[in-house]
J.: 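Sharing a structure here in structure tokens format.
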2 protein chains.
Amino acid sequence: MENLQNKKESILESALVLINEQGFHGCPVSKVAKNAGVAAGSIYTYFDSKEELIMGVFEYVSEKIKEYVSSKDDESMEYEIRFFNYWKNYTEYFELNPAHHGFYDQFVNSPFHSENSQLKPNGWHEWANQFFQSGIDSGAIKYINPTVLAILVNSNINSVVRIKNNFKNRFAEKNVNLEEISSLIWEGIRNK
Amino acid sequence: MENLQNKKESILESALVLINEQGFHGCPVSKVAKNAGVAAGSIYTYFDSKEELIMGVFEYVSEKIKEYVSSKDDESMEYEIRFFNYWKNYTEYFELNPAHHGFYDQFVNSPFHSENSQLKPNGWHEWANQFFQSGIDSGAIKYINPTVLAILVNSNINSVVRIKNNFKNRFAEKNVNLEEISSLIWEGIRNK
DNA sequence: ATGCTATGATTGAACGTTCATTCAGTTATG
DNA sequence: CATAACTGAATGAACGTTCAATCATAGCAT
């Protein structure tokens with residue numbers, strides 16, 4: 001049983017890495033299988049089609065993000081602290097898992113996301129919505145539709161991570177202090 | 001000659017629309033040709049390969065954005081005004097050309113962008129860099145690497161447009177006033 | 001312990017389809 | 001008449017998916 005989970009996960013990770021490196025058009029099932037160390041046919045034991053596999057990767061990554069970020073949230077803290085923690089932890093997750101970031105960035109901007117998957121429940125999105133909703137409820141932030149808030153905050157985090165990844169050693173000095181961006185956004189959304 | 005330009009442009013637009021709707025994996029040369037009203041083989045009169053065609057679409061869109069935004073910039077104005085104009089015009093361009101936005105969003109987050117095309121000179125990116133550089137030079141904004149600045153500002157604009165497009169009629173009321181986001185970013189980057 | 005059987009996972013060659021690309025022939029242009 | 005654009009059927013490679021055959025496991029009987 002545990003072995004099955006491992007195999008499924010290694011297929012997901014293999015697809016993830018290939019999509020990160022080559023894009024959706026560059027991840028044939030044959031390569032996914034090879035890198036996962038299984039036969040091509042075996043993938044169809046776990047997924048009905050390649051499309052389902054890609055959707056599976058999205059659910060897998062979403063779940064991992066949710067686990068990481070939610071486990072580090074502390075509801076008893078002041079909301080401002082929680083916000084900056086959220087920012088830090090989400091950033092941290094992507095820095096620890098750059099391939100996940102690459103996949104996620106591609107997926108959410110692709111037609112995969114708009115058509116099929118936005119209807120399915122997504123634990124991470126629900127958690128993030130709830131996170132911002134509780135900020136509104138507690139009076140810490142302005143009333144802004146929490147879905148819109150989540151998209152805005154998360155896409156800024158994504159940009160920051162992308163900048164950090166792409167420009168790692170190119171111009172480390174004299175940059176904007178990227179951490180300041182979180183304060184900037186906070187100033188914009190908090191209830192004054 | 002003009003006819004040639006038109007044909008090339010209709011191939012580019014056809015590819016653009018297909019990629020926007022179906023993603024890179026869903027735009028076979030045969031369909032691109034069909035929708036452009038040319039034979040499949042004709043595409044190879046204008047582009048050496050499908051990859052070159054996709055790169056061509058990127059250059060085409062970049063050029064269009066640059067034309068639109070730069071033509072509406074007025075260097076004699078105060079920089080703050082120019083910044084808000086930049087924001088407004090870039091947003092406007094994508095609202096007028098939603099397929100261009102869909103393509104651009106996908107392309108810049110894909111491996112196409114990181115590998116090949118970031119080395120090629122890009123008129124729009126150069127113009128935007130210069131735009132932010134002149135803000136720094138004039139003392140209107142803090143010293144921040146202009147490339148980083150451009151990425152941050154542009155990805156916020158992209159998010160705002162994406163929200164507007166995706167949620168058009170779903171919850172128009174009671175939202176964050178999306179225009180406020182520009183002020184928020186301006187407050188963060190201006191020299192105080 | 002040992003052998004037998006049933007169940008289900010796993011394999012990879014084979015299949016039919018679709019794709020990017022080519023090219024011999026045709027048409028338009030000046 | 002020469003040049004260049006244009007066509008679309010042809011080509012072969014690559015792809016997603018299937019499936020008959022093989023293997024691993026666990027339960028049960030001896």
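Chain naming here is simple, since letters A, B, ... match the order of the sequence lines and numbering starts at 1 in each. Quick caveat: nothing in here was measured; it's all calculated off a predicted structure.
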J.: Does dC6(D) have OP1 or OP2 under 4.0 Å away from a side-chain N or O of Tyr46(B)?
T.: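 So the side-chain polar atoms of Tyr46(B) do come within 4.0 Å of the phosphate oxygens OP1 or OP2 of dC6(D), strictly under.
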
J.: Tell me the interatomic distance from Phe24(B), atom CZ, to dA20(C), atom P, rounded to whole angstroms.
T.: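 That distance rounds to 13 Å.
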
J.: Does either side chain, that of Asp137(B) or that of Gln133(B), offer a donor lying less than 3.5 Å from an acceptor on the other one?
T.: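 Judged by distance alone, the side chains do pair up.
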
J.: Nearest whole angstrom, please: distance from the C1' of dT22(C) to the CG of Asp48(B).
T.: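 Distance, rounded to whole Å: 13 Å.
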
J.: Using the test salt bridge (charged side-chain N to carboxylate O under 4.0 Å, His left out), find all partners of Glu95(B) that sit at least two apart in sequence or belong to another chain.
T.: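 Glu95(B) satisfies salt bridge (charged side-chain N to carboxylate O under 4.0 Å, His left out) with Lys164(B) only.
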
J.: Within this structure, what is the OH-to-C1' distance between Tyr44(B) and dT22(C), rounded to whole angstrom?
T.: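 Rounding to the nearest Å, OH of Tyr44(B) and C1' of dT22(C) are 9 Å apart.
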
J.: Over how many whole Å does the gap from Lys7(B) atom NZ to dA4(D) atom P extend?
T.: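 Result: 17 Å.
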
J.: Using the ring-ring contact (aromatic ring centres under 6.0 Å, His included) criterion, which residues pair with Tyr79(B)? Sequence neighbours excluded.
T.: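 ring-ring contact (aromatic ring centres under 6.0 Å, His included) check on Tyr79(B) returns Phe131(B).
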
J.: Show me the donor-acceptor pairs, under 3.5 Å and distance only, between side chains in residues 25-45 of chain A and residues at least two apart or in other chains.
T.:
unit_1	atom_1	unit_2	atom_2	d
His25(A)	NE2	Gln22(A)	O	3.4
Thr45(A)	OG1	Ser42(A)	O	3.1

J.: Glu67(A): which residues meet the salt bridge (charged side-chain N to carboxylate O under 4.0 Å, His left out) condition with it, sequence neighbours left out?
T.: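 Testing Glu67(A) for salt bridge (charged side-chain N to carboxylate O under 4.0 Å, His left out), a comparison that skips the adjacent residues, returns none.
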
J.: Running the 4.5 Å side-chain criterion over Ile, Leu, Val, Met, Phe, Trp and Tyr, what cluster does Val17(B) land in, apart from itself?
T.: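 Direct or chained contacts put Val17(B) with none.
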
J.: Rounding to an integer number of Å, can you tell me how far Phe47(B) CZ sits from dC6(D) C1'?
T.: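 To the nearest whole Å, that distance equals 16 Å.
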
J.: dA20(C) P sits how many Å from Ile11(B) CD1, rounded?
T.: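 Atom CD1 in Ile11(B) sits about 14 Å away from atom P in dA20(C).
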
J.: Is there any protein nitrogen or oxygen under 3.5 Å from a nitrogen or oxygen in nucleotides 8-15 of chain D, and what are the pairs?
T.:
none

J.: Nearest whole angstrom, please: distance from the P of dT18(D) to the CD1 of Ile43(A).
T.: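 In whole Å, dT18(D) P lies 13 Å from Ile43(A) CD1.
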
